[in-house]
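We're numbering straight along the sequence, starting at 1. What you see below is based on every heavy atom in this structure, not just the backbone, and it leaves out hydrogens, waters and symmetry mates.
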Amino acid sequence: MIKTSRWRYFNVPAASLVALAAAVAISTAVFIFHLRARAMEDIERNLGGMANVLADQADRALQAIELVQDAMLQEFASAAVLDDATLTAFAGSQAMHEKLRVRTAALPQINAVTVLDRNGKLLNFTRRWPIPEINLSDRDYFEALSSDATLQRFVGKPVQNRGDGAWTIYIARKISAPDGRFLGLVLGAIEIGYFERLYAQIAPAEDAVASLFLSDGTLVVRHPRREGTIGQAFPTAGAALIAARSASGGISRNVSPIDGRDRLVATRALTGFPLIFSMSRTTEAVLTSWRWQTTVLVVAALLIEAALFLLLLIGVKQTRTQKRLASSEAARAAAEERERGEGHLRAQSARYEIALDNMTQGLCLFDRENHLIVMNSRFAQMHGIPDALRREGTPLRDVLDHLNGRGHAREAGCPSPLAEACEITARNGSPLARICDLADGTAIGIVHALIPGGGWVCTHEDVTDRRRQEERIAHMARHDVLTGLPNRMLLKERMEEALGKRGGVGTTVLCLDLDGFKIVNDTYGHPVGDELLCTVARRVQAVLGSGDHVSRLGGDEFAVLMADGARRADAGRLAGRLIEALKAPIQVQGAALSIGTSIGIASGEGDQATPANLLRRADVALYQAKAAGRGTWRFFDPAMDAEMLRRAQLGSDLRSALASGQLELHYQPLVETHARVIGGFEALLRWRHPIHGFVSPAEFVPIAEEIGLIRPIGAWVLERACTDAIAWPEHIKVAVNLSPVQFVGEKLVEEVKRALSVSGLGSGRLELEITESVLLQDNEATVAVLHRLRELGARISMDDFGTGYSSLSYLRRFPFDKIKIDQSFVRNLEHEPGSLEIVRAVVGLGNALGMSVLAEGVETQEQLAILMREGCKELQGYLFSRPRPIGEATALLAAALPFPAPGREPAEGDQMRDFGKAA
């Protein structure tokens, strides 16, 4: 028997030991595998990140060379280089040599910029003057570009330059005559050593290799350099293999054909060049840490299994000891159970008494003879009942006499309302529930309930706080929580009362809407906005007469109900006082805030004078006041309803205008200042209504924004403008205005992509114009969208610059390509020195930030002369041309005539006002 017992104690722990040991071993193996997978994922992520960063850097370095080449090609075009002779004379001058040296001085990656003629002869060279007699017609880039009429750029294989023998890669751009004849090349040279030095500084480890390959697998750069490999093709290199699977890049593992080592390779294709950047590390190096971790885990697992075995031995001993103690514990538990049973009855009685005395209500229980059975402590405390009256058997009359003597009655000599209620139940034998108001202001809720078999129970509860809370809730339901003013509900009740007195005659309501409140809220935050609303409420109350009532309708809208019998002149004077009161700056948390208000006024007359109709009329008048320029008031006039109906009808007509072809685009030239030729067009939306004729964009664009049509219209404008522009010469760009509504959500970038894809227009020819109001609505999200548009290749312009609130901060946060000076500064340029200073400052700012500056609204020769003198690079206005349909705009390009220089006025027919801009 003893042996069997020992085996039972040992068998279960032994099985547990085996199970735990197996679990530890399996868990360790799984965790080791997981660590290896995570180590590989981490190094792949790191390599991919470095590949992306360094590929972007290489892109920028090469793009800097192309920018210099683009500038030179533009100069050749501007200088009317038509043949070999003019190219040799213009490009081979020492002035051109100095200009090239200045342009490349700040670009350390550029080794040299070279100009070749059609025979490969050196015309200019940034590294030496006078120009040596060198011919490069044997180079691959010269042979490719001179023989292929359609090829405009070529990235050559690395070669050792003939000056110092340094390995160099060349980016060649073709120089063509206007008729397409080959005239020569502009070369940009980068020493491979530039990239090698850069990669040496940022190499993450000694085994790391950073490389640049041509798309055919030719090695361009490698750090660390391996002699004899530069310029060689390695079709089995990781970069070439990945490029064969994915044009954009990826991650792979293979044995390098260059050094023969097993490597993890991450690649990224350069955006604008046939090059692939590769970053790799050896698998042996990246798994070193994992091997050390594996050793530690195996040792730890063995230690854990040894500890489990020791715990097993200790557990067997404790089990035997616990069995011996179990019998003694059972005896002690039985004794305690008996003791608990005896105490349960005592505790039950005590709990009943405690529960009774801790009720929130006072309680009395009477038998059928109206003698007291029990009274809890709360009832005695509420009414100051002595212990003698709490005894069982006390007659109800004695308790009622005590209550009558407490002075509960509101009038002297009257019985207590509590006692009256008890007498009713005792006399009639019926239940009762009511609230009794005592002389000291206390409210007592009483409930009398009958008991089966005779008798009744009485409960008293102090409901004073509950009643006050209900009154407070009723007040809150009719008052604004923030300002404490009456809300729309209470205003409606007061209006109904006023309208019912005299059929609405003399009932006048003013609707106020704060001007500029949204800007304050967006700029300073909601706490400042809330405090501002409270201050406005106090100022309005200070202006009102004794019978006037102000209410807050919500947001920044208030309403004033004037006293009965108010006349039209009284309402006008009150509106004037309110506008003056709110015009003064308001100090909130140390900031001086300037707002204002617009007011609509309506008076009740006739059967249609209902609160809803009166408020609607005041709101219509308010809309007219805001349309008139804000800071003023308007009385309701029936004609205003007609205007609202016209807007509603236009909104309805606008829904079908796009589908029925009523919308069209006109184009206004953007003129390059010094050449006085067209560099692009701005697309302006027009609506040719079948009944009303041309409807101003200033009228229908806000309607489109209100009814949700601006997005489909904006997408159509983008696609139509890009499609029209594809027929123009490649250097002519098209500018399209964007509405703030189009930036809401994620669709704008996709709409631009679709317009470019459908039309085939190059993204660099598309300019997207925004105003500062776009950045006011959600700065972070909007800037993110602008960066995505920039990544597509589109140019971004700040329109109407200087008319907003924080222009300089926006220029700092987002690098705009162009600033458009608002026409309000150009209009009085000849007469207002302040406008001239503003234009001068904006031009200087644009030059400092590398942004082009365009002036809008140029209409006179004096304005043209001033703007040319101040260095404004582009101009737009009726001095050059009004907005024209696509056919007339294309005819302007076909004429290819320069616009008049300062001193000659344009044709009088061109001096006319535009309808405005649209998104």
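- Shown here for R765 and P729, the closest heavy-atom pair between the two residues is NH2-O, 3.0 Å.
- Looking only at side-chain heavy atoms (C-beta outward), F681 and L670 stay at 4.5 Å or farther from each other.
- Between F182 and F142, the ring-plane angle classifies as perpendicular under the 30° and 60° cut-offs.
- Judged by distance alone, with hydrogens and angles left aside, the side-chain atoms of K174 form a donor-acceptor pair with the main-chain N or O of L151 at under 3.5 Å.
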List the steps and the verdict of side chain to side chain contact (heavy atoms under 4.5 Å, CB included) for I190 and I65. CA-CA 9 Å; I190 299 182; I65 295 178; 2.8 Å; yes

For the pair F273 and I171, evaluate side chain to side chain contact (heavy atoms under 4.5 Å, CB included) and give the outcome as yes or no after the intermediate values. CA-CA 10 Å; F273 302 89; I171 300 176; 4.1 Å; yes

Under the salt bridge (charged side-chain N to carboxylate O under 4.0 Å, His left out) criterion, do D84 and R118 qualify, and how do the steps go? CA-CA 7 Å; D84 296 342; R118 66 183 299 169; 3.3 Å; yes

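- Atom CG of L187 sits about 4.5 Å away from atom CG of L116, to the nearest 0.5 Å.
- With sequence neighbours excluded, the residues forming a salt bridge (charged side-chain N to carboxylate O under 4.0 Å, His left out) with R263 are D259, listed by chain and number.
- Between V209 and H223, the closest side-chain pair of non-hydrogen atoms is not below 4.5 Å.
- Within the 3.5 Å criterion, the main-chain N or O of T150 finds a donor-acceptor partner in the side chain of D148.
- Separation of atoms CG (L54) and OG (S211) is listed at 11.0 Å; rounding is to 0.5 Å.
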Worked check of side chain to side chain contact (heavy atoms under 4.5 Å, CB included) between V221 and Y194: CA-CA 10 Å; V221 180; Y194 166 77; over 6 Å; no

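- With hydrogens and angles ignored, the 3.5 Å screen pairs a side-chain donor or acceptor of R181 with a backbone N or O of L82.
- At a threshold of 4.5 Å between non-hydrogen side-chain atoms, the residues V113 and I110 count as touching.
- No side-chain heavy atom of T86 sits less than 4.5 Å from a side-chain heavy atom of F76.
- A donor-acceptor pair under 3.5 Å is absent between the side-chain atoms of S797 and the main chain of D799, judged by distance alone.
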Using the rule given for side chain to side chain contact (heavy atoms under 4.5 Å, CB included), can you reason through T114 versus I134, listing the C-alpha separation, both sets of side-chain angles and the distance that settles it, and then say yes or no? CA-CA 11 Å; T114 307; I134 296 177; over 6 Å; no

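- Closest of all the heavy-atom pairs between T126 and H97 is O-CE1, 3.6 Å.
- No more than 12 heavy atoms of other residues, nucleotides or ligands lie within 6.0 Å of CZ in R788, so this atom counts as exposed by the packing criterion.
- The shortest side-chain heavy-atom distance between N135 and L122 does not fall under the 4.5 Å cut-off.
- When the shell of 6.0 Å around CD of E730 is examined, it contains 12 or fewer heavy atoms from other residues, nucleotides or ligands.
- Under the rule for a side-chain contact (heavy atoms from CB on, under 4.5 Å), the partners of E672 that lie at least two apart in sequence or sit in another chain are A675, V677.
- The aromatic ring centroids of F277 and F195 lie 6.0 Å or more from each other.
- Of all the heavy atoms in L123 and I131, the pair that sits closest is O-CG1, 3.7 Å.
- Among all heavy-atom pairs drawn from A855 and C872, the shortest one is N-SG, 3.6 Å.
- Using modelled atom types, one side-chain atom of T673 and one backbone atom of E874 make a donor-acceptor pair closer than 3.5 Å.
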Test salt bridge (charged side-chain N to carboxylate O under 4.0 Å, His left out) applied to E750 and K747, step by step: CA-CA 5 Å; E750 295 303 320; K747 295 184 178 180; over 6 Å; no

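- Partners of D817 according to the salt bridge (charged side-chain N to carboxylate O under 4.0 Å, His left out) rule, which considers only residues two or more places apart in sequence or in another chain, are R790.
- No more than 12 heavy atoms of other residues, nucleotides or ligands shown are found within 6.0 angstrom of CZ on R754.
- Ion pair E75/K99 flagged as a salt bridge, since at least one NZ, NE, NH1 or NH2 atom sits closer than 4.0 Å to an Asp/Glu carboxylate oxygen.
- Under the 4.0 Å criterion applied to side-chain N and carboxylate O atoms, E769 and K818 are not assigned as salt-bridge partners.
- Put simply, the side chain of E191 never gets that close to the backbone of T168: no donor and acceptor are under 3.5 Å apart.
- Remark: L786 CG to I796 CD1 distance equals 5.5 Å, nearest 0.5 Å.
- The closest donor-acceptor contact from the side chain of R139 to the backbone of Y141 lies at 3.5 Å or more, if one exists at all.
- The shortest side-chain heavy-atom distance between L270 and L62 falls under the 4.5 Å cut-off.
- Distance CD1/I770 to CE/M798: 5.5 Å, rounded to 0.5 Å.
- Between I175 atom CD1 and D117 atom CG the span is 9.5 Å, to the nearest 0.5 Å.
- At least one side-chain heavy atom of R173 sits under 4.5 Å from a side-chain heavy atom of D70.
- S280 is not listed as a side-chain neighbour of L47, based on a closest heavy-atom distance of 4.5 Å or more.
- Of all heavy-atom pairs between L219 and P158, the closest is O-CG, 3.6 Å.
- Between P274 and R153, the shortest heavy-atom contact is CD-NH2, 4.5 Å.
- Atom CD of residue E66 and atom CD of residue Q69 lie 6.0 Å apart, to the nearest 0.5 angstrom.
- Between the side chain of N124 and the backbone N or O of S93 there is at least one donor-acceptor pair closer than 3.5 Å.
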Evaluate K820 against E682 for salt bridge (charged side-chain N to carboxylate O under 4.0 Å, His left out), listing each step before the verdict. CA-CA 12 Å; K820 299 188 72 173; E682 180 176 4; 3.1 Å; yes

